[in-house]
Amino acid sequence: MIANYEPYFSKIQKLHQGVYDELLGKSFVIKETQMFVLQCNFKEYVENDHDGNYSWHRLCLDNNVEKDFAVGFNIQRFKNHEAEITSIISKIKEVWKQSCGAQVDLLNSITNVAALKKDDYEMIVSVHFWFDKSVIDDGIEDTQYMKIVYTGKSIDDKIEKIKSL
């Protein structure tokens, strides 16, 4: 298992550039939105309870439910734009296929990342799409549009195979 994803952050950002571009192309998205990659362990993530007010979807790589991960969409930011979620999930599938030949399957909706039921100290890497509230305050407390939360088991064998797009 990979214990530190920081050396791979640039590669992970390149992998998600298409997702970022897809999100920025939406008319309701503030153009100052940026993409950030973070890591922590599963217990830390779940205990910080950052999953409220998100619509969560469970996906997996290569038809293997043990390689599951979660994509969350901020309900307030996607209000009246729920149909756009489908195009973003399609883009996630496309970038994984193009980057390393991985197939992404949509499994089901889940209530939160804790529903993935991973070991407490399994490392996760998360990709966040947000803007700094000091730049724009639109009255919505959460400045994130969406986040993708991968567990080590979901991407460890893929991380080296990710090619620059």
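What you see is a predicted model; the values in this text were computed from it and never measured.
Using a 4.0 Å cut-off between charged side-chain N and carboxylate O, Glu94 and Lys91 make a salt bridge. A salt bridge links Lys133 with Glu141; the closest basic N to acidic carboxylate O contact falls under 4.0 Å. Salt-bridge formation is not detected for the pair Asp68/Lys153: no Lys NZ or Arg NE/NH1/NH2 atom is positioned less than 4.0 Å from an Asp or Glu carboxylate oxygen. Taking 4.0 Å as the cut-off between side-chain N and carboxylate O, Lys93 and Asp105 do not count as a salt-bridged pair.
Between His81 and Glu84 there is a side-chain heavy-atom pair separated by less than 4.5 Å. Side-chain contact between Asn41 and Ile124: absent, with no pair of heavy atoms (C-beta onward) separated by less than 4.5 Å. Inter-residue side-chain proximity for Phe69 and Val125 is flagged as unmet; no heavy-atom pair is nearer than 4.5 Å. Using a 4.5 Å cut-off on side-chain heavy atoms (C-beta onward), Phe42 and Asp119 make no contact. Taking 4.5 Å as the limit, some side-chain heavy atom of Ile89 sits within range of a side-chain heavy atom of Phe73. A 4.5 Å side-chain heavy-atom check between Lys43 and Tyr121 finds at least one atom pair inside the cut-off. Taking the side chain as every heavy atom from C-beta outward, Leu61 and Gln103 never approach each other to under 4.5 Å.
Using bins of under 30°, 30° to 60° and over 60° for the plane-to-plane angle, the ring pair Tyr145/Phe131 lands in the tilted bin.
With Met146 as the partner, the side chain to side chain contact (heavy atoms under 4.5 Å, CB included) test is satisfied by one option alone out of Ile88, Asn74, Val29: Ile88.
Leu23 and Phe129 make their closest contact through CD2-CB, 3.5 Å (heavy atoms, listed as atom of the first residue, atom of the second, distance). In terms of heavy atoms, Ser109 sits closest to His57 at OG-ND1, 3.8 Å. Shown here for Asp156 and Ile2, the closest heavy-atom pair between the two residues is OD2-N, 3.2 Å.
Applying the side chain to side chain contact (heavy atoms under 4.5 Å, CB included) test to Asp157 and every residue at least two apart in sequence or in another chain returns Lys67.
With 3.5 Å as the limit, one finds a donor-acceptor pair spanning the side chains of Tyr45 and Asp51. Judged by distance alone, the side chains of Tyr20 and Gln34 never bring a donor and an acceptor atom under 3.5 Å apart. The closest side-chain donor-acceptor pair between Glu22 and Ser87 falls under 3.5 angstrom.
Looking at Asp137, its side chain does come within 3.5 Å of a backbone N or O of Gly139 through a donor-acceptor pair. Judged by distance alone, the side chain of Arg77 and the main-chain N or O of Asp142 form a donor-acceptor pair under 3.5 Å. In this structure, Ser154 contributes its side chain and Tyr150 its backbone to no donor-acceptor pair below 3.5 Å. A distance-only check finds no donor-acceptor pair linking the side chain of Asp21 to the backbone of Leu24 [under 3.5 Å].
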Working for side chain to side chain donor-acceptor pair (under 3.5 Å), residues Glu44 and Asn48: CA-CA 6 Å; Glu44 265 183 308; Asn48 284 322; 5.6 Å; no

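Within a 6.0 Å radius of NZ in Lys31, more than 12 heavy atoms belonging to other residues, nucleotides or ligands are found.
Taking the centre of each ring, Trp130 and Phe36 come in below the 6.0 Å mark.
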